[in-house]
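Below is one structure, written out as structure tokens, with a few remarks after it.
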Amino acid sequence: MQKRNIEMNPSTTTTLEPESQTNLLCFLVATVAASYSLTSEWRVDHVVESCRIWLARNRVTLPWLERVALGQLALQIARRDLRAAGITVRQSNVQSMFTNEMGINTASTLVQRISAVCEAALRERPAA
């Protein structure tokens, strides 16, 4: 097994602005909810990969601990908070939630409702 040397450069990490944080969380929640509607499994690996994709697409780096915290929050929202808000992601909804480039479709009413839940969850989250 080859050992990789990863050098941490503090200047490459950032804290997301609230709007970007909401967008990332919404993307993660939509991804995990869509994945669950298609597979009936809560897939943590989909959350991790979706986070990597969003960060790369938006040319942002985020400390690993913040990525983990957002991933856990996304799973919590998808598992519990969407249902409490009366939001159900069905297989028939999945395609309309994403663009052809697999970005989040902000024109989707379902995505807008998910985003509102995410924004509320971030407001209620204790400060780091």
Side-chain angles (χ1 to χ4, degrees):
M1 186 164 139
Q2 184 177 355
K3 188 175 181 180
R4 293 187 331 176
N5 183 18
I6 300 174
E7 183 177 322
M8 291 299 291
N9 183 350
S11 65
T12 62
T13 59
T14 184
T15 301
L16 292 175
E17 295 296 320
E19 183 179 350
S20 294
Q21 199 171 35
T22 300
N23 291 340
L24 170 55
L25 184 59
C26 182
F27 181 72
L28 296 177
V29 171
T31 300
V32 75
S35 174
Y36 181 79
S37 75
L38 296 171
T39 66
S40 298
E41 292 182 54
W42 295 110
R43 300 281 307 268
V44 174
D45 58 322
H46 287 181
V47 176
V48 172
E49 187 59 25
S50 294
C51 189
R52 287 182 185 149
I53 289 168
W54 190 94
L55 292 171
R57 184 177 289 153
N58 290 278
R59 296 186 174 146
V60 176
T61 58
L62 202 57
W64 70 270
L65 193 55
E66 183 66 12
R67 292 192 313 263
V68 168
L70 283 174
Q72 288 177 332
L73 183 57
L75 283 165
Q76 172 191 313
I77 291 169
R79 285 179 175 164
R80 185 187 72 199
D81 299 344
L82 292 184
R83 183 179 307 136
I87 299 170
T88 303
V89 176
R90 294 182 175 86
Q91 287 182 3
S92 59
N93 302 127
V94 172
Q95 187 173 0
S96 68
M97 292 170 58
F98 299 95
T99 64
N100 290 340
E101 296 81 32
M102 286 310 295
I104 199 79
N105 179 8
T106 56
S108 163
T109 303
L110 182 57
V111 168
Q112 292 168 8
R113 292 178 65 205
I114 291 171
S115 183
V117 171
C118 292
E119 188 174 0
L122 287 170
R123 272 195 315 269
E124 295 168 4
R125 187 169 80 154

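This is a predicted model, so every value here is computed, not measured.
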Using the side chain to side chain contact (heavy atoms under 4.5 Å, CB included) criterion, which residues pair with T99? Sequence neighbours excluded. E101, N105
N/O donor-acceptor pairs under 3.5 Å from side chains in residues 46-53, not counting sequence neighbours:
unit_1 : atom_1 : unit_2 : atom_2 : d
H46    : ND1    : S35    : OG     : 2.6
S50    : OG     : H46    : O      : 2.7

Residues I104 and A30: closest non-hydrogen pair is CD1-CB, 3.4 Å
Between CD of Q112 and SG of C26, what distance do you get to the nearest 0.5 Å? 9.5 Å
Identify the two heavy atoms, one from A121 and one from L73, that lie closest to each other, and give their separation to 0.1 Å. CB-CD1, 4.4 Å
Can you list the residues that meet the ring-ring contact (aromatic ring centres under 6.0 Å, His included) rule with Y36, with sequence neighbours excluded? W42
Could you pull out every donor-acceptor pair under 3.5 Å between side chains of residues 79-97 and any protein atom, sequence neighbours left out?
unit_1 : atom_1 : unit_2 : atom_2 : d
Q91    : NE2    : S37    : O      : 3.2
N93    : OD1    : R90    : N      : 2.7
S96    : OG     : N93    : O      : 2.8

Which of L24, L25, L70 passes side chain to side chain contact (heavy atoms under 4.5 Å, CB included) with W54? Answer is L24
Criterion side-chain contact (heavy atoms from CB on, under 4.5 Å) on L122 and T22, from CA distance to verdict: CA-CA 7 Å; L122 287 170; T22 300; 3.6 Å; yes
Among all residues two or more places apart in sequence or in another chain, which pass the salt bridge (Lys or Arg N to Asp or Glu O under 4.0 Å) test with R123? E119
What pairs of residues pass the salt bridge (charged side-chain N to carboxylate O under 4.0 Å, His left out) test when at least one of them lies in residues 18-46, not counting sequence neighbours? R43-D45
What distance do N23 atom CG and L28 atom CG have between them, rounded to the nearest 0.5 Å? 11.0 Å
Got a donor-acceptor contact below 3.5 angstrom from the S115 side chain to the V111 backbone? no
For the CD atom of Q21 and the CZ atom of R125, what is their distance to the nearest 0.5 Å? 5.0 Å
